[in-house]
Every structure is written in C-alpha cells, then in structure tokens.
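Working notes, beginning with the structure itself.
Numbers here are sequence positions counted from 1.
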Amino acid sequence: MLEKLMYSMLRGNIKTKIYLWAILILGVGAALLIVTAFVLGLPMFGLGGVGLGLLGLIVSQSVSLKDLQKQKKKKTAPKKKSGNQTQGDAHSSAKKEQQPQSEESGKENTRKEKERAKAQYLASMDAKKLKKLLKEHQVNQIHVKVMIDSFPAQNLEQVPAFMWKTDTMLHFMLLSGKAVEFEVPLENIKNILLVKNVPADPDADYKSFQYTTYITKMFRPYLPEYFEVTNQGKLEFKKNTFRIEPGIYLTNTSVANLRRVLLPGVAFVVDDQVVASRRFNEYFKEVYRSSLLCKNNVITLDEYKEHITQNLDAMLDGPVPATEFANTLSALNKYHLIQKSMVAVYYQKYRERNRNGGNVK
C-alpha cells in the first residue's frame, strides 16, 4: 500500500498529486504545531495543530484515491469500436489485402487467355492458310523468320513473326491470335543491342510451342537458348536477347537472319563492363564483340575466326606500340578469345615488321 501511495505521489496525475501532498503537508504541519505547543507550553500552537489535523481529515474524506485512479483510467481508456465499425474496418482491411492479389490474378488470367488464343490460332494454321496470309500482307519474297521475345510498347511477348524490308521500312507480320502487321523506319534502327542475362523460365516460356503444329515446327529453331547461372547458391535460368528500335527484343537465334539478310550494315553493340573498361583497346573489344556474336549463334565459328584475323591484322598494321600490342595479345588469350598458338604467330609477325624498332617485351 505504501509503495502505491509513493508511486501516486510521484507519478500520478495532477489531481492525485495535489490530493496526497495536501494531506501530507496538513498532517505534518498539525504534528509539528502540537509538538511545539507541548514542548513550549503554548496552547495556541496546540489549537492550530488540532485545526490543521481536522482540515487534513476533511480533505482525506472528501475524495478517495480509488476514485481518482478510476477517473484517470476512464480518461485514458481507448475508445471501443462498435460491432458494425469493427466489421467495417475488418472488411476494408481484407479488401485492401485482396486487391493486389485480385489484380495479379486478373493479369495472370488475361495472359493465359492470350496464350490460349495464340496456341489455337497457330494450331489452325496450315500451308494453304499461311500462303494466303503472306499474300494478303504483301510479304516480300526476301523475308526471314524471327521470334519476338517481347515488344512492351505493343504488349506482345513470345510471338513468331515474318520480317521483310522495303526501301525505307522494316516490316513485321506477327502471328499472335491473329495476323498483326506493323513497320519501323529503317533510319530509326541505328544498331542491334545485346541484352544479356534476361530472367527466363523454360517450363513457362513459349507455351504455344510445346505442341507440334505446322507453324511451331517452322519457328522452333528460333526459340531462345537458355543457360544456367548461380545466384547466392541457387541455380537460375537466363537468356540473351537483342534489341532494335523501337524496343523490339528478338531471341538470340533470330538475329543471324536479321543481320545477314535484312540489316547487314547495322552495327552490333554491347554495353557491359568489358566494353566500358579503359583497360582494353578497340582491337580487343572488337574481337570480344565477335565472340559474343558467335556464342549467340549470330555468326558461325568460321566467321568468328575470320573476324579475329581481320582485327589482329589491323592491329599489326596500325600504329600500336610494342607494349600495347603485347598486352592486347596476352589479354585476348587470358579471356579465351584466341589460342596461345595465335599469340605466338602474331608476336613473330610484329617482330619481323619492327626489327629496327625494338623487341616485344
């Protein structure tokens, strides 16, 4: 009880503190006056002490500590919600939680419907229908088959397409639930950009091509090539795509046709740490770009070897200092872009051309 009183005197609300401290002061004052009257023999002090004592008694009986504590609890107690309010809040909270799930579910259903329509459309296509379709859309005789991995601006993904070129335009005819045609000005296509390590799911991607039809057999060679990478000890599937304006992403197996037949003069571009690095000169970077084209089946191994020879010969003929020449050959070998035997051959060629200019170190 004493601990509760002390706590209320020190930590209670204002009214509780005033009540308790008033009783204490009146009580102590009464006691001091009575003791003083007794010691000094002054009756007036005794009467004053008795008066203070009576006043303290009156104050203590006017309000109880229990009542004050109840009043405090009443003020600080949280407001209870009515049954309807609680149900309404619970419903609102549940609705907020369900809304993202509903949106996600709706998107998934839409995607499945599109995929189903695409599969049915491709299954219905035969040689006669395709021939008629190509004629209706005036597809050029010099055309190529490609697979569009995605085209976000048109909300398209994983769609087979025919491509052909006229004087000023690159034309597309897509087979996605229906035949869709669009064109891109050739002047807008400045380069072909390699986009590396795109997340992939071989089991979920290209569902329409899990069935054998006239069209799927025709376009199956242009499905993407997948590879595995380790991310924090977990295996993940990736793929490489190639981007042309206006944001059309093609599978790596489609670009050989595009580059060889339709866009032979368009530069191939890769934006990564190797190309951005200042450690390597342009001769190294050109061989590196060619190696990526070879790995992605855009050029053949023989074409890659030819590109290597062309670049090393150009470096041999160019004004390249001995140290830079040696470092470039060493780096090409280190990154497995050329064999060690080729390093020795070009070391020797450089020495023979620069006998009077010093040896390669």
(request) Indicate yes or no for a side-chain donor-acceptor contact from H143 to the backbone of N140 under 3.5 Å, with no hydrogens or angles considered. (result) yes
(request) Check the surroundings of atom NZ in K305: do more than 12 heavy atoms from other residues, nucleotides or ligands lie under 6.0 Å from it? (result) no
(request) For K190 and E187, indicate whether the former's side chain and the latter's backbone hold a donor-acceptor pair under 3.5 Å. (result) yes
(message) Restricting to non-hydrogen atoms, name the atom on A123 and the atom on T213 that form the minimum distance, rounded to 0.1 Å.
(response) CA-CG2, 3.8 Å
(message) Under a 3.5 Å cutoff, is there a donor and acceptor pairing between the side chains of E324 and N281?
(response) yes
(message) Within the supplied structure, the quantity of interest is the number of heavy atoms (other residues, nucleotides, ligands) at a distance under 6.0 Å from Q138 CD; does it exceed 12?
(response) no
(request) Enter the distance from K196:NZ to T241:OG1 here, rounded to the nearest 0.5 Å. (result) 12.0 Å
(message) To the closest 0.5 Å, what do you measure between CG (L223) and CG (N252)?
(response) 10.0 Å
(request) List the atom of A179, the atom of H137, and the distance in Å for their closest heavy-atom pair. (result) CB-NE2, 3.6 Å
(request) For the residue pair F172 and F182, categorise the inter-ring angle as parallel (less than 30°), tilted (30 to 60°) or perpendicular (more than 60°). (result) parallel
(request) Establish whether V269 and Y304 are linked, either directly or via other cluster members, by ILVMFWY side-chain heavy-atom contacts under 4.5 Å. (result) no
(request) Quick one: closest heavy-atom pair of Y350 and P321, and the distance? (result) OH-C, 3.5 Å
(request) Quick one: pull up CD1 in I244 and CG in L263 and give me the separation to the nearest 0.5 Å. (result) 6.5 Å
(request) Could you tell me whether Q273 atom CD has more than 12 heavy atoms of other residues or ligands within 6.0 Å of it? (result) no
(message) For the CD1 atom of I308 and the CD atom of Q310, what is their distance to the nearest 0.5 Å?
(response) 10.5 Å
(request) Would you tell me whether T253 and N297 have side-chain atoms, one donor and one acceptor, within less than 3.5 Å of each other? (result) no
(request) Output yes when a side-chain donor or acceptor of T300 lies under 3.5 Å from a complementary backbone atom of E303, and no otherwise. (result) yes
(message) Looking at E225 and K238, is any side-chain nitrogen of the basic one under 4.0 Å from a carboxylate oxygen of the acidic one?
(response) no
(request) Mark yes when over 12 heavy atoms from residues, nucleotides or ligands other than D271 sit less than 6.0 Å from its CG; otherwise mark no. (result) no
(message) side chain to side chain donor-acceptor pair (under 3.5 Å), that's the test. Do N240 and N296 meet it? Break it down for me.
(response) CA-CA 8 Å; N240 293 336; N296 285 280; 3.2 Å; yes
(request) Calculate, to the nearest 0.5 Å, the distance between atoms CE and CD belonging to M173 and E136 respectively. (result) 9.0 Å
(request) Evaluate the ring planes of F219 and F162, with Trp represented by its six-membered ring, and classify them as parallel (under 30°), tilted (30 to 60°) or perpendicular (over 60°). (result) perpendicular
(request) Check for a donor-acceptor pair, side chain of S150 on one end and backbone N or O of P152 on the other, with a separation under 3.5 Å. (result) no
(message) Can you give me the closest heavy-atom contact between Y283 and G318, atom names plus distance?
(response) OH-CA, 4.3 Å
(request) State whether E286 and R289 are salt-bridged, where the test is any N-O pair (Lys NZ or Arg NE/NH1/NH2 against Asp/Glu carboxylate O) under 4.0 Å. (result) yes
(request) State whether the side chain of K239 and the backbone N or O of A200 hold a donor-acceptor pair below 3.5 Å, judged by distance alone. (result) no
(message) With rounding to the nearest 0.5 angstrom, report the OG1 to CG distance, T168 to L186.
(response) 6.5 Å
(message) Parallel, tilted or perpendicular, judged at 30° and 60°: which one describes the rings of Y206 and F209?
(response) perpendicular
(request) Search all heavy atoms of K129 against all heavy atoms of S124 and return the closest pair with its distance. (result) NZ-O, 3.2 Å
(message) Quick check with a 6.0 Å cut-off and a 45 degree axis cone: is K285 positioned over the face of Y288's six-membered ring?
(response) no
(message) Atom CG of residue position L301 - does it have more than 12 heavy atoms of other residues, nucleotides or ligands inside 6.0 Å?
(response) yes
(message) What I want to check is whether the side chains of Y346 and D313 have a donor and an acceptor closer together than 3.5 Å.
(response) yes
(request) Would you check if the side chain of N257 reaches a backbone N or O of R260 as a donor-acceptor pair within less than 3.5 Å? (result) no
(request) Take atom CD of Q348 as the centre, draw a 6.0 Å sphere, and report whether it contains more than 12 heavy atoms from other residues, nucleotides or ligands. (result) yes
(request) Carefully, step by step, assess N188 and E245 under the rule side chain to side chain donor-acceptor pair (under 3.5 Å). (result) CA-CA 6 Å; N188 291 352; E245 293 300 332; over 6 Å; no
(message) Minimum heavy-atom separation for R259 and V298, please, with both atom names.
(response) CD-CG1, 3.9 Å
(request) Taking the six-membered ring of Y222 (Phe, Tyr or Trp), confirm whether the NZ or CZ of R220 is under 6.0 Å from its centre and within 45° of its axis. (result) no
